[in-house]
Amino acid sequence: MNISRRLNIIFLLIFCLISPITNAQEGEWQSIFNGENLDGWTIKFAGQNVGVNYRDTFRVEDGVMRVVYDNYQIFDNAYAHIFYKEKLSHYRLKFDYRFTGKQVPGSETWNIRNSGVMFHSQSAESMYFDQFFPASIEMQLLGGLGDGKSRRTGNICTPGTDFEIHGVLMSKHCYRSSSKTYHGDQWVSAEIEVHGDENIKHFINGELVFEYSKPRIIPNEEDSADFITTPLALKDGYIALQAESHPVDFKNIMLIKLK
C-alpha cells in the first residue's frame, strides 16, 4: 500500500472514532436536496480530486438531481459518488429514483440500470485518489431489463464491509432483497431506516424488503482498511448517491433524524 493511501485510511478510522455527529432537529422530515443546485453535497470521482464534477456528470434539472453521460464517449472507470454533508447515525432517508436512457459504452454489463445509496460511509475527503467505491453499506438500486426476468431492487452490497442477519455473519458482496422488479423508466420510491449498527431496514415503494444488523468495516478488502487486523463496528457515517455508468435521476431526497 502506498503512503498516501495508508494516510487516507488512517484518517478515515480516526475520523469515524472522534468526529461528532451534526445535531439537527429530530422528528421532522427535512429536504436535503434543494432542487436548484448541489449545495450541501460533495462529489468524488475515482481518479479525480474531491469536488471535481467530471464531464458535468452530476446536474440539477427541473428540480431533479441527475447523473448524465452525454459528454462521454467511453466510461473509463469514472465511478463516482455525491456525498451529503452531514455525518449520521440514527435516521430515515427516503428518495425517488428512476433509470433513463442507455448505459455509456465501455461499462460493465452488471452496471446496466444499476446505482445505489451508500451509507455508514467514509467521507469523500478520506477516499484515496483512484478508489472506486467508499467503504460503506450500499442499498443497491437495480432496474428491470425488460426481458421478463426478475431483477430485484433495494438489495444490499458491502464494499469493504459485512453484516449480520439474526446473528449469522453475511460475508458475500451482495444479497437480494424481497422486492418486485421495476422495468422501464418509472419512478420508484426507496427508503432506509438506520439505527446505528443495531438495526437497518430497506423499503421499496413502502414495503420492507431487507432487514439486518451489525455492519462492520473489515480488513483485507480493496475498499476498506486493508492493514487493520480486526473488523470495526460501523455505527455512523455519510450517505452518498452513486454514479455507476447508467443515467439515473433522484428527487424528493428527504431525511428525518431519529433518537
Side-chain angles (χ1 to χ4, degrees), residues 5 8-22 24 32-33 38 40-46 48 50-51 58 65 67 79-95 97 114-141 154-163 173-174 190-202 210 212-219 221-226 228 231-244 248 250 253 255 257-258:
R5 181 179 173 190
N8 279 337
I9 293 173
I10 291 171
F11 170 79
L12 161 65
L13 295 177
I14 294 173
F15 191 85
C16 287
L17 290 173
I18 68 174
S19 178
I21 297 170
T22 303
I32 60 173
F33 165 56
L38 298 176
W41 296 79
T42 299
I43 296 168
K44 177 65 178 80
F45 276 82
Q48 303 291 330
V50 174
F58 291 97
M65 184 188 296
V67 175
Y79 291 97
H81 298 81
I82 185 166
F83 293 76
Y84 181 56
K85 63 183 180 181
E86 293 189 34
K87 190 179 185 185
L88 301 162
S89 178
H90 292 67
Y91 60 96
R92 290 164 61 191
L93 172 76
K94 65 180 180 179
F95 57 90
Y97 74 92
N114 185 345
S115 187
V117 55
M118 328 300 279
F119 59 99
H120 278 356
S121 171
Q122 68 183 106
S123 66
E125 293 79 5
S126 68
M127 293 179 68
Y128 58 89
F129 185 71
D130 55 355
Q131 187 172 343
F132 283 1
F133 305 100
S136 59
I137 299 294
E138 176 187 356
M139 182 189 197
Q140 183 191 49
L141 309 173
N155 310 310
I156 181 171
C157 293
T158 54
T161 55
D162 62 17
F163 64 97
H173 179 55
C174 291
E191 181 177 337
I192 54 174
E193 181 178 327
V194 183
H195 299 268
D197 70 338
E198 298 172 5
N199 181 258
I200 299 171
K201 298 177 181 178
H202 295 187
F210 213 107
Y212 53 98
S213 63
K214 299 191 184 310
R216 310 180 303 172
I217 184 171
I218 56 178
E221 290 282 330
E222 179 181 1
D223 298 307
S224 68
D226 57 5
I228 64 174
L232 298 175
L234 278 177
K235 297 177 181 290
D236 53 46
Y238 293 86
I239 61 173
L241 301 174
Q242 193 175 75
E244 202 171 2
V248 59
F250 300 97
I253 307 173
L255 179 74
K257 303 292 182 66
L258 305 174

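In what follows, residues are counted from 1 in the order of the sequence shown. Reckoned from all heavy atoms, side chains included, excluding hydrogens, waters and symmetry mates. Since this is a predicted model, take the numbers as computed values, not measurements.
Here Phe163 pairs with Tyr175, Tyr212 under the ring-ring contact (aromatic ring centres under 6.0 Å, His included) rule; sequence neighbours left out. The side chain to side chain donor-acceptor pair (under 3.5 Å) check on His120 picks up nothing, with sequence neighbours excluded. By the side chain to side chain donor-acceptor pair (under 3.5 Å) test, Glu138 pairs with no residue at all, sequence neighbours left out.
Atom SG of Cys174 and atom CD1 of Ile156 lie 8.5 Å apart (nearest 0.5 Å). Atom CG of residue Leu241 and atom CD1 of residue Ile43 lie 11.0 Å apart, to the nearest 0.5 angstrom. In this structure, CE in Met127 is found 11.5 Å from CZ in Phe45, a value given to the nearest 0.5 Å. With values rounded to the nearest 0.5 angstrom, Met139 atom CE is found 10.5 Å from Phe210 atom CZ. To the nearest 0.5 Å, atom OH of residue Tyr238 and atom OH of residue Tyr84 are 11.5 Å apart. Going from atom NE2 of His90 over to atom CG of Asn199 covers 10.0 Å, rounded to the nearest 0.5 Å.
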>> Applying side-chain contact (heavy atoms from CB on, under 4.5 Å) to Leu255 and Arg92, what does each step give before you reach the verdict?
In response: CA-CA 6 Å; Leu255 179 74; Arg92 290 164 61 191; over 6 Å; no

>> Between Val67 and Glu244, is the side-chain contact (heavy atoms from CB on, under 4.5 Å) condition met? List the steps.
In response: CA-CA 9 Å; Val67 175; Glu244 202 171 2; over 6 Å; no

> Do Ile82 and Thr42 pass the side-chain contact (heavy atoms from CB on, under 4.5 Å) test, and can you show the C-alpha distance, the side-chain angles, and the key distance before you say yes or no?
Replying inline: CA-CA 5 Å; Ile82 185 166; Thr42 299; over 6 Å; no

>> side-chain contact (heavy atoms from CB on, under 4.5 Å), that's the test. Do Gln140 and Asn114 meet it? Break it down for me.
In response: CA-CA 7 Å; Gln140 183 191 49; Asn114 185 345; 3.8 Å; yes

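Judged by distance alone, the side chain of Ser121 and the main-chain N or O of Ile239 form no donor-acceptor pair under 3.5 Å. At least one donor-acceptor pair closer than 3.5 Å links the side chain of Thr158 to the backbone N or O of His173. In terms of modelled atom types and a separation under 3.5 Å, the side chain of Ser136 and the main chain of Met118 share no donor-acceptor contact. A donor-acceptor contact shorter than 3.5 Å links the side chain of His202 to the backbone of Gly154. Using a distance-only test at 3.5 Å, with no hydrogens or angles considered, a donor-acceptor pair links the side chain of Gln131 to the main chain of Phe133. Using a distance-only test at 3.5 Å, with no hydrogens or angles considered, a donor-acceptor pair links the side chain of Trp41 to the main chain of Ile32. Ser115 places a side-chain N or O within donor-acceptor distance of the main-chain N or O of Gln242, the cut-off being under 3.5 Å.
Between Phe95 and Leu141 the shortest side-chain heavy-atom distance falls below 4.5 Å. Phe119 has its side chain out of reach of Leu234: every pair of non-hydrogen atoms, C-beta onward, lies at least 4.5 Å apart. Residues Met65 and Ile253 meet the side-chain proximity criterion, which asks for heavy atoms closer than 4.5 Å. Between Glu191 and Leu93 the shortest side-chain heavy-atom distance does not fall below 4.5 Å. The side-chain heavy atoms of Pro134 and Pro159, taken from C-beta on, include no pair separated by under 4.5 Å.
Contact between Ser89 and Val194 at its shortest, heavy atoms only, is O-CG1, 3.5 Å. Taking each heavy atom of Val50 and Ala124 in turn, the nearest pair found is CG2-O, 3.6 Å.
In this structure, Lys44 forms no cation-pi arrangement with Tyr79, as its terminal cationic atom is not both closer than 6.0 Å to the ring centre and no more than 45° off the ring axis.
A salt bridge is absent between Glu193 and Lys94: the closest approach of a Lys/Arg side-chain nitrogen to an acidic carboxylate oxygen does not fall below 4.0 angstrom. Ion pairing between Asp197 and Lys214 fails under the 4.0 Å rule for side-chain N and carboxylate O.
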